[in-house]
Protein chains: 2
Amino acid sequence: MAHSLVENPVSELADLFRLLGDNTRLRIVLTCLDKPIAVNDIASKLDLSNSLVSHHLRLLKAARIVKADRHGKQVFYATADQHISDILTNMLEHIAEPHPEAD
Amino acid sequence: MAHSLVENPVSELADLFRLLGDNTRLRIVLTCLDKPIAVNDIASKLDLSNSLVSHHLRLLKAARIVKADRHGKQVFYATADQHISDILTNMLEHIAEPHPEAD
DNA sequence: ATAACATATGAACATCTATTCAATTGTTTA
DNA sequence: TAAACAATTGAATAGATGTTCATATGTTAT
């Protein structure tokens with residue numbers, strides 16, 4: 001099991017990590033980092049089924065990692081807020097840095 | 001399956017997130033943030049079995065999230081490098097910030 | 001060597017979860 | 001209204017994974 005309304009901060013953090021810890025889901029989040037993008041466009045861009053993308057987006061939205069905006073038939077998803085964008089951006093910068101390989 | 005020697009950056013990032021995405025494991029990592037601490041001390045501090053802690057530490061070590069240092073009978077674990085410490089510290093700061101609850 | 005302590009490891013199990021497929025809901029156009 | 005398009009949802013399944021228990025390995029004492 002995974003959530004209560006207001007969990008302790010560590011559980012909250014773990015939940016966030018867990019959701020970002022799946023390859024497919026992380027790619028989806030990164031695809032809608034900043035710029036809103038429709039479900040179908042995410043799917044074709046990442047070569048995934050609409051269904052799978054939608055399932056993942058549901059989880060991401062429930063965790064407030066992304067937000068949804070409907071425009072006609074399409075629903076555009078984007079990272080929920082600056083909070084999330086910052087975390088992702090920081091992470092990408094971190095892994096871009098050369099790792100000091102100590103042995 | 002989860003790893004190749006040099007994965008693409010996104011997979012690498014997902015791996016990191018996935019390992020931090022378990023509540024117990026995250027608490028273990030946070031316990032040995034900066035200051036090295038022995039397995040048994042982690043276990044008693046978090047009220048977990050030595051076995052469980054050791055299992056988790058093995059995964060964390062394999063992913064270079066923590067490093068091990070033996071002193072006599074005890075093995076002290078600490079976050080592997082500044083890279084990891086920074087990520088964790090940043091995250092803790094992030095979740096400490098008030099969330100703007102938009103609806 | 002034996003004993004006591006600390007950690008690690010393997011197997012087994014139960015739970016969780018990512019994915020697929022089929023069916024449904026919502027939206028626009030004809 | 002129907003048809004076409006976009007997204008969602010539910011059920012089913014296969015694979016991953018956290019935890020426990022028992023056993024093994026390593027280390028320091030006696």
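Chain letters run A, B, ... following the sequence lines, proteins first, then strands; residues in each count from 1. Here the structure is a predicted model, which means the values were calculated and not measured.
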What integer distance in Å separates [X]:[atom1] from [N]:[atom2]?
X	N	atom1	atom2	result
B/Gln74	D/dG26	CD	C1'	13 Å
B/Lys73	C/dA4	NZ	C1'	6 Å
B/His71	D/dG26	NE2	C1'	16 Å
B/Leu60	D/dG18	CG	P	10 Å
A/Ile28	C/dA18	CD1	P	11 Å
A/Asn23	D/dA16	CG	C1'	14 Å
B/Leu48	D/dT19	CG	C1'	10 Å
B/Asn40	D/dT27	CG	P	17 Å

**Residue B/Arg18, side-chain heavy atoms: nucleotide from C/dT19, D/dT17, C/dT17 that is nearest** = D/dT17

**Request:** Could you work out which one of C/dA18, D/dT19, D/dG26 sits closest to the side chain of B/Thr24?
**Result:** D/dT19

Side-chain donor or acceptor of [X] paired with backbone N/O of [Y] under 3.5 Å:
X	Y	answer
A/Thr89	A/Ser85	yes
B/Arg27	A/Val10	no
B/Arg18	B/Leu20	no
A/Asp81	A/Ile84	yes

**Prompt:** How many angstroms lie between atom CD1 of B/Ile37 and atom OH of B/Tyr77, to the nearest 0.5 angstrom?
**Reply:** 12.5 Å

**Item:** With A/Asn90 via side chain to side chain donor-acceptor pair (under 3.5 Å) - residues at least two apart
**Value:** none

Distances for protein N or O near nucleotides 8-11 of chain C N or O, under 3.5 Å:
residue	atom	partner	partner atom	Å
C/dA8	OP1	B/Tyr77	OH	2.5
C/dA8	OP2	B/Ser54	OG	3.0
C/dT9	O4	B/Ser51	OG	2.7
C/dG10	O6	B/His55	NE2	2.7

**Message:** For B/Leu26, run the side-chain contact (heavy atoms from CB on, under 4.5 Å) check against B/Leu88, B/Leu19, B/Thr31 and tell me which one passes.
**Reply:** B/Leu88

**Asked** When you match A/Gly72 and A/His56 each to their closest nucleotide on DNA chain C, which lands nearer the 5' end?
**Response** A/His56

